[in-house]
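Reviewing the structure listed below.
Chain letters run A, B, ... following the sequence lines, proteins first and then strands; every chain starts at 1.
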Protein chains: 2
Amino acid sequence: MARPTINDVARAAGVSKGAVSFALHDRPGVAPATRERILKVAREMGWTPSARARALSVSKALAVGLVMARRPETLRADPFFPSFIAGLETVLSDRGYALLLQVVTDPDKARQSYRRLADEGRVDGVFVTDLLVDDERPALLAEIGLPAVIVGPGIENPYWPVVGADDAPGIVAAVEHLIALGHTRIAHVGGPSDVVHGVSRKQAWCSTLRAAGLPDSPFVETDFSAESGAAATRQLLDLVEPPTAVIYANDLMAMAGLSLAVSRGVDVPGQLSIVGFDDTEIAAHLQPALTSVRQDAIAWGAAAAIRLLELIDGTPPTPIELAPPALVVRASTGPVSTGAAHAAPAQRRRSTRERGRMEKQ
Amino acid sequence: MARPTINDVARAAGVSKGAVSFALHDRPGVAPATRERILKVAREMGWTPSARARALSVSKALAVGLVMARRPETLRADPFFPSFIAGLETVLSDRGYALLLQVVTDPDKARQSYRRLADEGRVDGVFVTDLLVDDERPALLAEIGLPAVIVGPGIENPYWPVVGADDAPGIVAAVEHLIALGHTRIAHVGGPSDVVHGVSRKQAWCSTLRAAGLPDSPFVETDFSAESGAAATRQLLDLVEPPTAVIYANDLMAMAGLSLAVSRGVDVPGQLSIVGFDDTEIAAHLQPALTSVRQDAIAWGAAAAIRLLELIDGTPPTPIELAPPALVVRASTGPVSTGAAHAAPAQRRRSTRERGRMEKQ
DNA sequence: TTGTACGCGTTATCAG
DNA sequence: CTGATAACGCGTACAA
């Protein structure tokens with residue numbers, strides 16, 4: 001009982017292939033009665049158009065691609081992709097598009113991937129994530145002629161639309177929150193300087209501090225890994241004048257930093273306030289619960305998909321509103337204390353019970 | 001400058017389409033000299049076979065599908081998929097297969113997804129993950145006639161091969177490790193009882209305890225979420241006779257449990273030993289560092305892909321060795337102490353410095 | 001080696 | 001206007 005073809009349906013309905021195709025696409029040229037009959041027969045036979053025949057016929061792949069270029073370690077823990085993909089699906093599946101996924105380990109392989117997807121005609125367009133400051137992919141894709149949408153905080157470029165709320169407001173909110181709590185030495189543990197969302201967060205941090213008239217605070221560059229987050233924290237705590245607050249570029253590093261601080265007997269938030277980024281599921285359940293910045297990855301996915309399909313179809317872009325990231329304040333941030341962070345490790349000033357307070361927002 | 005077709009190459013090389021096809025597939029029937037010339041021309045023109053034409057021609061999709069059916073929350077934090085997918089790719093891309101991904105929110109939608117992928121002829125086979133104890137998908141796929149490979153600890157079934165090291169040995173190792181440390185009340189915070197890898201872990205825990213002649217220990221069923229992990233821990237600590245060790249079915253819950261214990265002033269591992277599962281990146285950087293069970297998701301991916309392609313091609317299965325999960329012992333597990341876990345919360349018996357010891361393995 | 005039918009929808013052309 | 005016919009897209013495979 002193989003899948004019926006459009007020919008089977010046509011024969012059963014006593015019409016031609018063309019008539020069936022027209023009927024199913026609500027195209028004029030078929031009498032209402034005939035149309036009904038065709039649709040009924042098609043339904044009864046359980047006919048569904050073959051994506052591959054269609055693809056060949058319309059000269060489209062009816063699929064879009066997502067190439068994730070990451071070191072496996074950073075990918076493992078990234079909370080963004082699953083939600084983002086779920087968001088993509090909400091739009092793609094309705095439109096009959098499939099999502100083709102590739103995971104590669106370095107940017108070089110990513111370029112090969114794009115080339116190959118284009119050469120083989122596997123996809124009609126692709127999403128570009130984790131844009132580098134000096135990223136060659138947009139130009140490459142333009143040269144190949146493969147429509148693309150850049151996802152995330154992106155640098156304006158002559159080639160492709162950028163979809164994704166700027167993450168700067170989230171960092172700005174975090175810095176302002178800390179300033180309101182009395183902090184003046186607010187360090188930033190940021191992502192690699194070659195990644196756009198690494199530098200954009202850093203800039204937001206930096207300019208907000210300056211706007212508040214505060215002196216420069218320490219910055220440590222990392223690769224987004226837990227390891228590097230811990231190392232950065234160690235470095236900061238060892239300063240002669242350690243910061244009283246640290247904003248991390250992701251929750252993973254914030255967690256590592258929090259743990260490191262605790263292991264040194266530094267009270268959080270008594271001696272050190274900590275802010276993460278991503279608002280991962282675990283954030284609210286840490287001890288103390290982690291203040292973090294939340295992004296709506298699902299909405300990003302939906303928006304990116306809409307935009308890419310428009311690009312593919314040549315439809316004019318519809319304006320898409322994306323909510324800016326929101327600061328979720330929890331217990332890991334608090335008023336600046338008089339005691340310095342490098343105080344005697346063994347001592348604790350607040351009972352653990354006291355510290356376990358509830359999420360504020 | 002559109003993509004050249006096989007006809008363009010044939011014309012340029014002064015041969016027929018068929019000759020080009022033969023030359024490129026290293027099939028006999030083409031003189032060596034001609035073959036060389038054809039290959040040269042094809043290379044110069046930058047010709048690559050069109051996947052869609054090929055797919056229609058060979059009546060195959062040249063793609064396989066992965067449908068992930070999860071509540072978004074549990075998916076978000078799952079460290080398994082990115083690595084697993086990376087593993088798949090290592091095999092698929094070499095064989096010219098693409099991976100088609102779908103993320104759906106409930107099992108019902110998953111079934112629809114499979115149906116649709118099959119109906120539209122989008123894929124030649126699929127991977128089934130997160131098998132339920134009473135899962136309808138294997139039978140459904142058998143009925144549809146869509147080749148499948150079940151990934152993860154799976155119940156033997158009449159339909160499809162199961163790929164993935166049994167996760168029981170990891171749990172067994174964890175229980176034995178705790179027993180060796182003197183624990184006798186070793187609780188388990190397990191996954192949902194309708195998921196195979198939920199019950200398989202539970203059974204391993206249970207039978208290992210019995211084999212050691214220990215009395216039954218408390219068990220709490222969860223949905224793998226941080227929230228439920230924290231709740232389960234609360235429940236366990238509130239017991240009249242709380243456990244001295246807890247094995248969680250994933251790191252996420254273990255982290256939540258660890259945090260909850262800390263917030264109550266329960267010393268880990270002094271009063272309570274904690275074991276996770278997954279060995280996520282953050283595990284080694286927690287305070288205390290988390291003992292956990294590591295699985296090689298990349299190897300699983302590669303193995304699953306190999307097996308699925310064999311199934312599709314009708315090739316006999318090659319035996320695949322998968323390393324069993326390994327217990328990674330860190331600081332969150334220690335010798336059982338005399339003090340009970342429900343001791344006065346505000347007190348701490350060991351200085352924090354003392355607790356910050358190194359990963360053992 | 002070449003010529004050509006085939007896979008399966010889509011769409012332009014044309015006769016009724 | 002209705003609907004049949006045929007060409008098309010692009011590689012594969014088999015008969016000639």
- Message: Base, sugar-phosphate or nothing for A:Val30? Non-hydrogen atoms, less than 4.0 Å.
- Response: sugar-phosphate
- Task: Taking only the side-chain heavy atoms of B:Ser16 (C-beta and beyond), determine which of D:dG3, C:dT2, D:dA4 contains the nearest atom.
- Result: C:dT2
- Task: Under 4.0 Å between any heavy atoms, over every strand shown, what does A:Gly14 touch: base, sugar-phosphate, or nothing? Just pick one.
- Result: sugar-phosphate
- Message: From CZ of A:Arg35 over to C1' of D:dC1, roughly how many Å is that when rounded to an integer?
- Response: 12 Å
- Using a heavy-atom distance cut-off of less than 4.0 Å, which residues of residues 93-100 of chain B contact DNA chain C? none
- Item | Distance, rounded to the nearest Å, where A:Leu62 contributes CG and D:dG9 contributes C1' | 13 Å
- Under 3.5 Å, is there a donor-acceptor pair between the side chain of B:Asp135 and the main chain of B:Pro138? no
- Between B:Ala148 and B:Leu311, the two heavy atoms sitting closest are O-CD2, 3.1 Å
- Do the ring planes of A:Phe84 and A:Phe80 sit parallel (below 30°), tilted (30 to 60°) or perpendicular (above 60°)? parallel
- Message: Any carboxylate oxygen within less than 4.0 angstrom of a Lys/Arg side-chain nitrogen, looking at A:Lys60 and A:Asp313?
- Response: yes
- Does A:Glu36 come within less than 4.0 Å of A:Lys40, counting only side-chain N to carboxylate O? no
- Query: Could you state the CG-P distance from B:Asp26 to D:dA13, rounded to the nearest angstrom?
  - Reply: 14 Å
- Task: Between protein and nucleotides 4-16 of chain C, map the contacts as a letter string: B base, S sugar-phosphate only, - none, heavy atoms under 4.0 Å, written 5' to 3'.
- Result: -B-BBBBB-----
- Between A:Gln102 and B:Ser93, a side-chain donor and acceptor under 3.5 Å: no
- Query: Looking only at heavy atoms, what is the nearest atom pair of A:Leu100 and B:Ala98, with distance?
  - Reply: CD2-CB, 3.5 Å
- Here the distance between atom P of D:dT2 and atom CD of A:Glu36, to the nearest Å, is 14 Å
- Message: Could you check whether any side-chain heavy atom of B:Val163 comes within less than 4.5 Å of a side-chain heavy atom of B:Leu322, counting everything from C-beta outward?
- Response: yes
